[in-house]
Amino acid sequence: MNWKYPLGLSLLPLFLALLFFAASLTPSLIPRGWFMQGVLGGVVAALGYLAGRFLMMLWRQMALPRLRGTAFLIGHLIVGVPVLVMLVLALSKAGAWQNAIRSRMGMELIDATPVIRMIGLALVVFGLLVLLGWLVQILFDRLRHWLYRFMPERTANIAGLVIVALLLFVITRDGLLDRLIGFFDESYTMAQRLFDTDDPPPDEPLRSGSAESLIDWGAMGQPGRNFISGGPRADAIADFSGAAAMDPLRVYVGLANAEDPQARADLALQEMLRVGAFEREVLIVAMPTGTGWLDPGSFDPLEYMHGGDVATVAVQYSYLQSPLALILETDAGLAQARALIATVHEYWRGLPEEDRPRLYMHGLSLGAWASMYGTDLKALLDDPIDGALWAGPPFPSARWNEAMAARNPGSAYVAPEVGTGRLFRFASHTQDAGGPGGWGGMRLMFLQYSSDPIVFYEPASLFRPPEWMTEPPAEDVSPDLRFMPVVTQFQLALDMAFALAAPAGHGHSYYAHDYIGPWNAVTAPEGWSDADTGRLKARCDNGLQQGCDN
């Protein structure tokens, strides 16, 4: 390292950093404001700079000739001028690129991007990351020079690199980060108990958390309390349908209500038996998102469609937002889904077929992934469930990937068709669910938006375009979206983090209007008509990610 210039700045790596920054200004799936763009630009610029330094190191290690004098100046001009031109063009188009996405999502257009603030933030992020890289370099240099006392230089260099890499991994993944996650989980649990009187427990005996319930209201957590307190009652459903209706049953077990996944599943089953959940027409086993939240826009329409003759059970497994839980607490959701689904299915299959409810699985986001994992179709073959509706399935979901791999040739990647639709179907804000006819013995439905990065992110986008990028863009995807190695990967990763910032019906913001068709196709409510679908959509179409009675 050149200690006279501790950051080791060089023009060619800086040119690559500027090129990456210019590329980051192009559109992706979710609209970006100046702050998001500044962070993204700083990160990818630092990656570009790192890549440039690495290429220069390889050049030196291969002892290739270096440009000097006039040739050095001309070479930098040949590289630098086009990069600067591309940067100016990208900055001039950045606002229009973002407005193109915003207009397709029905969002308010922005007048201009605050370029100075965005560039300033990008420079701060870039500087911090380069400084961090410099500190890691110092650590590596000190360590390898110390190892020179005990082993040959080349061996010491390799050993030093391995030790530094392991140290960083332990600090970020298995050390400090895990302790922070545990601290926040424990803090949240304590907060639940401190504020458990904010919402009074329900008066209705059949509601979880009531005086008669087996589930403690305070330990249930706010997401569970909201789910139990919300939803339509029998009078609202009867007013909509013009016929007699029932109060829907909702059972929720919070993470703090029992010590481990199986204990929570057993508690959920006992509460289901207490309230008579297995005596309803439709039984839904739902997995919540990472925070424990359940989308009222999904459950309210279903309860209207079946006259309230629905029971839903859900168990919390995390406190983290789904994108974080997807990375940091994967096993927690999978273990809870496996325990809950197996426990409920085992009891359900022991009931006489003519007396038991129709059984469906459901989940949104990370809840969909966990639900798919817990729904072991091979184990259910001798007594299969009736179906499932999985919304916003995260890209690693095995069942979703299985269905995607079987899609018909020529069908769009973001709106696939599988065979004749007897087992798998896909629906979205633009793709019809196909109605309740034409199914086989089990109905598996995926609800996904074409602009949802949590569904369509692909790790291989680091070096090759995702398949959906090679097809004509969907109606809410910018036609200016282009694949760029490395940069696209980080654009989509940032899109995942802010996927809920998109308006309802786009990104990862699923809402009531788009659940109605899939629920109709999967659960086939008796006597339900297209006119009923229209009336319910009108009731639920409040343009917000909430239920039908808000």
Practice problem: Could you please spell out the steps behind the salt bridge (charged side-chain N to carboxylate O under 4.0 Å, His left out) verdict for E212 and R207? | Solution: CA-CA 9 Å; E212 295 82 358; R207 294 261 161 181; over 6 Å; no
Practice problem: Could you tell me whether F395 and F456 have their ring centroids closer than 6.0 angstrom? | Solution: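 Ring centres of F456 and F395 not closer than 6.0 Å.
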Is there a donor-acceptor contact under 3.5 Å from the side chain of [X] to the main chain of [Y]?
X	Y	answer
S509	L500	yes
S103	N99	yes
S298	D295	no
D247	A234	yes
R399	T375	yes
Y252	I215	no

Check: [X]/[Y] side-chain N/O donor and acceptor closer than 3.5 Å:
X	Y	result
H506	D452	no
Q262	T343	yes
Q489	Y457	yes
T312	E303	no
D266	Q270	no
Q448	W400	yes

Euclidean distance, [Y] [atom2] relative to [X] [atom1], rounded to 0.5 Å:
X	Y	atom1	atom2	answer
L269	Y347	CG	OH	7.0 Å
S213	L267	OG	CG	8.0 Å
M246	R233	CE	CZ	14.0 Å
H345	D383	NE2	CG	5.0 Å
L249	E204	CG	CD	11.0 Å
Y360	L302	OH	CG	9.0 Å

Assess whether a salt bridge exists between [X] and [Y], defined as any Lys/Arg side-chain N lying under 4.0 Å from an Asp/Glu carboxylate O.
X	Y	answer
E281	R358	yes
E279	R356	no
E259	R264	no
R250	E271	no

Taking all non-hydrogen atoms of both residues into account, name the closest pair between [X] and [Y] and its distance.
X	Y	result
P436	N520	CB-O, 3.7 Å
F426	A403	CZ-CB, 3.8 Å
A370	M287	CB-CE, 4.3 Å

side-chain contact (heavy atoms from CB on, under 4.5 Å) partners for [X], two or more places apart:
X	result
H513	Y511, K537, D541
P472	none
D480	P27, W97, S478
A238	A245

Please list, one pair per line, the donor and acceptor atoms closer than 3.5 Å that link side chains of residues 411-423 to other protein atoms, with sequence neighbours excluded.
from : atom 1 : to   : atom 2 : distance (Å)
S411 : OG     : N408 : O      : 2.7
S411 : OG     : E417 : N      : 3.4

By side chain to side chain donor-acceptor pair (under 3.5 Å) - contacts of [X] (at least two apart):
X	value
E475	none
T488	none
N226	Q222

Apply ring-ring contact (aromatic ring centres under 6.0 Å, His included) to [X] and list each qualifying residue two or more places apart in sequence or on a separate chain.
X	answer
F483	none
F240	Y304
F498	none
H362	F299, W519

Self-check item: Whether over 12 other heavy atoms sit under 6.0 Å from D355 CG
Solution: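 Result for CG/D355: enclosed.
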Is any side-chain heavy atom of [Y] closer than 4.5 Å to one of [X]?
X	Y	result
W348	M272	no
P503	R102	no
H429	S450	yes

